Colleague: 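I have a structure here, written as structure tokens, and I will follow up with some questions on it.
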Amino acid sequence: MNKIGIIFGTDTGTTRLIAKKIAKKLGDLADKPVNINRIGLDELMQYDFLILGTPTYGYGQLPGKDTNIADGSWAEILPELQKADLSGKLVALYGLGNRDKYGDRFADSLFYLYDAVKNAGATVIGSWGTEGYDYQFSKSEVDGRFVGLVIDHNSQGLLTDQRIDEWLDRIMPQFEQQLAASA
Ligand SMILES: Cc1cc2nc3c(=O)[nH]c(=O)nc-3n(C[C@H](O)[C@H](O)[C@H](O)COP(=O)(O)O)c2cc1C
């Protein structure tokens, strides 16, 4: 599909809010964001261009039934996603966490999403600097950078819009180039 699919997991809605902010900035380039528990893997697979978002719950986990989301979330899709063929797909990731309360496992679940799509063959773009977050440990920090945009809307909410803008400014040329090539 020649549009960017924005797919998120959430419990209390913040990751949806971020998805909507991203969609608004992308305008016609993106479809309306959808919760992963409303769609199956087949629908995700229709997109060649994806922005996937997740909060971290439990003890540094992806959201899902184990973290008390009755309808399930990324945790339930992950085994299928790992087996899928995502080669040729361009994927950017964002993750939410709270460094004040969970600074020892800050936004850890973003790593699991990254690891799954990367191993499934996707080209992952949009790594992000760790400056200005001030946490003790994050699994999502690989070679000194986060594997995607990290948003701490709980303790750094004033920075959210600026972070989204800067991240989109960096990744959009890559999406646009590929979108044009596939048109
Ligand atoms: C029970 C619970 C566990 C959490 N565990 C973590 C964690 O391990 N690491 C982290 O960075 N944030 C953690 N958080 C913070 C959430 O990721 C953060 O509040 C996020 O914005 C929630 O997103 P949502 O509103 O889309 O569900 C946790 C929050 C709750 C309530």
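Just so it is clear, the structure is predicted and the values come from calculations on it, not from any experiment. We use all heavy atoms of the structure for the numbers below, so side chains are in, but hydrogens, waters and symmetry mates are not. Numbers for residues simply follow the sequence, beginning at 1. In listed order, ligands and their atoms are each counted from 1.
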Colleague: Filter on side-chain hydrogen bond (donor to acceptor under 3.5 Å, both in side chains), then keep only pairs touching residues 139-148, sequence neighbours left out; what's left?
Modeller: S127-R145, Y135-E141
Colleague: Going by distance alone, is a donor N or O of one side chain under 3.5 Å from an acceptor N or O of the other, for H153 and T160?
Modeller: yes
Colleague: Contact residues of ligand 1 with a heavy-atom cut-off of under 4.0 Å?
Modeller: T10, D11, T12, G13, T14, T15, P55, T56, Y57, G58, G60, L96, G97, N98, Y102, R105, F106, A107, N154
Colleague: Does D71 have any salt bridge (Lys or Arg N to Asp or Glu O under 4.0 Å) partners at least two apart in sequence or in another chain, and if so, which?
Modeller: none
Colleague: Using 30° and 60° as the class limits, which term best fits the ring planes of Y133 and F146: parallel, tilted or perpendicular?
Modeller: perpendicular
Colleague: Please check if any side-chain donor atom of Q156 sits under 3.5 Å from a side-chain acceptor atom of R163, or the reverse.
Modeller: yes
Colleague: Can you give me every donor-acceptor pair (side chain of residues 164-177, partner residue at least two apart or in another chain, under 3.5 Å) with its distance?
Modeller:
residue : atom : partner : partner atom : Å
D165    : OD1  : K25     : NZ           : 2.6
W167    : NE1  : G126    : O            : 2.9

